[in-house]
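Written below as structure tokens is the structure these notes are about.
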Amino acid sequence: MLEYCMCPKCEHMIMLDSDLATGFCLYCGTHIAYQESREFLLEGLKSTLPDELKLEADLSELIDEDDALQDSYGTEECRQECAKAGEYLGKWDFANAFKHYSAALEWLPKDFEACCGRMTSGILKLNDVENWQQRLEDCTSLIRSQSDWNTAQKALEYAFDILQRFLSKGGRFVSPVYTFGFFRAVTESFPMLRERVAILLAHCVNIDNAPFTDAARLDHETTRFAVGSYPKEPDRELAVKLLLIMKYHPDSRQKHTLIRAVYVYDRECWLKNHDEQRINDVLDFLDGMFSGDYSLDDRKAALHAGADLLLMNALEPGSTEREKLIFLTRVYSWQQMKRMEHFFSGSAFFNRLLLDIYLEQKGASPLTAEYRRIRKKLDTISDQKG
């Protein structure tokens, strides 16, 4: 029977067969004794529990003590279903694991082990993603009624570790369109897992957009996962996902490369098709970066990516400035240009474009106050450069 244990070397939660004296850690490969790793886990749990609470051998015994005293009906059946689910989880058969954990909860709806197990297997099942966030809310609500938050975090770490290994072996990715609510909820409820969430979300955003970007520009450890079922069209609401990644991802190079990959490398399609939704999404991203708590380096990277997309600053060696102005005048609306002014008003090219697009407006003329304001700004910039 598979039991929760903890590797004494790397301190990851693992599952070992209690019928065998020894086993191997899934993460670091250490050969460990079952009894030693089991006791290591339980000792860690004891340190987080009040002394007056009795700690039993199974994680399921961490359910509310009063409930356990009131009614033991279904306990044996629940444990049997959890045991079956654990066996399937150990074989990476997440669908059957989810089925048996769900059956266990029918016997004991507040069972801690079954609730965490259903969340873990439900995440890894990958084909029921619309319910991820609800499962996390249910599990978090139950966890908050316990005295042991450490176990809750370990359960989520275990789920994310398996998900990361699953994806690294070419497993199916999960579209952020369905799972962003779940990832955001984890960052709000479990601060210690924010970096892990940002890494997984960045991976899924990259793969989700791989058909529409030059994904080869990203590092090979990310791009080699570009497998699975792609959406029919690109995600046009990337800003909220990228803002979370920029806030919590630990690797600056990877997250800065990602925003260029999803915003810049396919810009020809965006601009030629006048894709206002995606252009506005870039502006939403810039608004979020400059109104939130982000580092100076992250803001610079966001601004450069925005300028390269919106103003065609780079990757156009064969285009003259006048050609760019003529092209972009037909792309942007006056409302979009007013939003861009907050970020690019120090650019002479932007102000020339702003003048050209302003003159396209109904009732606009070189005699208006708005035209004179922009003209004065452009002359000031030109004088400074001269």
Is a donor on one side and an acceptor on the other found under 3.5 Å between the side chain of [X] and the backbone of [Y]?
| X | Y | value |
| --- | --- | --- |
| S345 | H342 | no |
| D281 | L238 | yes |
| N273 | D275 | no |
| E87 | K84 | no |
| K324 | M312 | yes |
| R118 | S102 | no |
| S347 | F344 | no |
| Q361 | Y358 | no |
| Y294 | L243 | yes |
| N206 | A202 | no |

Are [Y] and [X] connected in a single hydrophobic cluster, I mean Ile/Leu/Val/Met/Phe/Trp/Tyr linked by side-chain heavy atoms less than 4.5 Å apart?
| X | Y | answer |
| --- | --- | --- |
| F94 | L105 | no |
| I199 | V186 | no |
| L310 | F343 | yes |
| I326 | L355 | no |

Residue pairs passing the salt bridge (charged side-chain N to carboxylate O under 4.0 Å, His left out) test with at least one member in residues 327-354, sequence neighbours excluded, are D284-R339, D287-R339, E321-R352, K338-E341, K338-E370, E341-R373
query = Which pairs with one or both residues in residues 290-304 pass salt bridge (charged side-chain N to carboxylate O under 4.0 Å, His left out), sequence neighbours excluded?
reply =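 Applying salt bridge (charged side-chain N to carboxylate O under 4.0 Å, His left out) to every pair that reaches into residues 290-304, excluding sequence neighbours, yields K255-D298.
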Spatial distance of atom [atom1] ([X]) from atom [atom2] ([Y]) [nearest 0.5 Å]:
| X | Y | atom1 | atom2 | answer |
| --- | --- | --- | --- | --- |
| L359 | W334 | CG | CH2 | 9.0 Å |
| H304 | I259 | NE2 | CD1 | 10.5 Å |
| Y88 | S121 | OH | OG | 13.0 Å |
| H203 | H249 | NE2 | NE2 | 11.0 Å |

Non-neighbouring partners of [X] that pass side-chain contact (heavy atoms from CB on, under 4.5 Å), sequence neighbours left out:
| X | value |
| --- | --- |
| A103 | E81 |
| A33 | E36 |
| Q35 | E39 |
| T329 | L353, D356, I357, E360 |

#### Entry: Check against side-chain contact (heavy atoms from CB on, under 4.5 Å), E77 and E106
CA-CA 10 Å; E77 291 83 356; E106 291 178 5; over 6 Å; no
Inset, instruction - Fit a plane to each ring of F285 and Y263, take the angle between them on a 0 to 90° scale, and name the class: parallel (under 30°), tilted (30 to 60°) or perpendicular (over 60°). - result: tilted
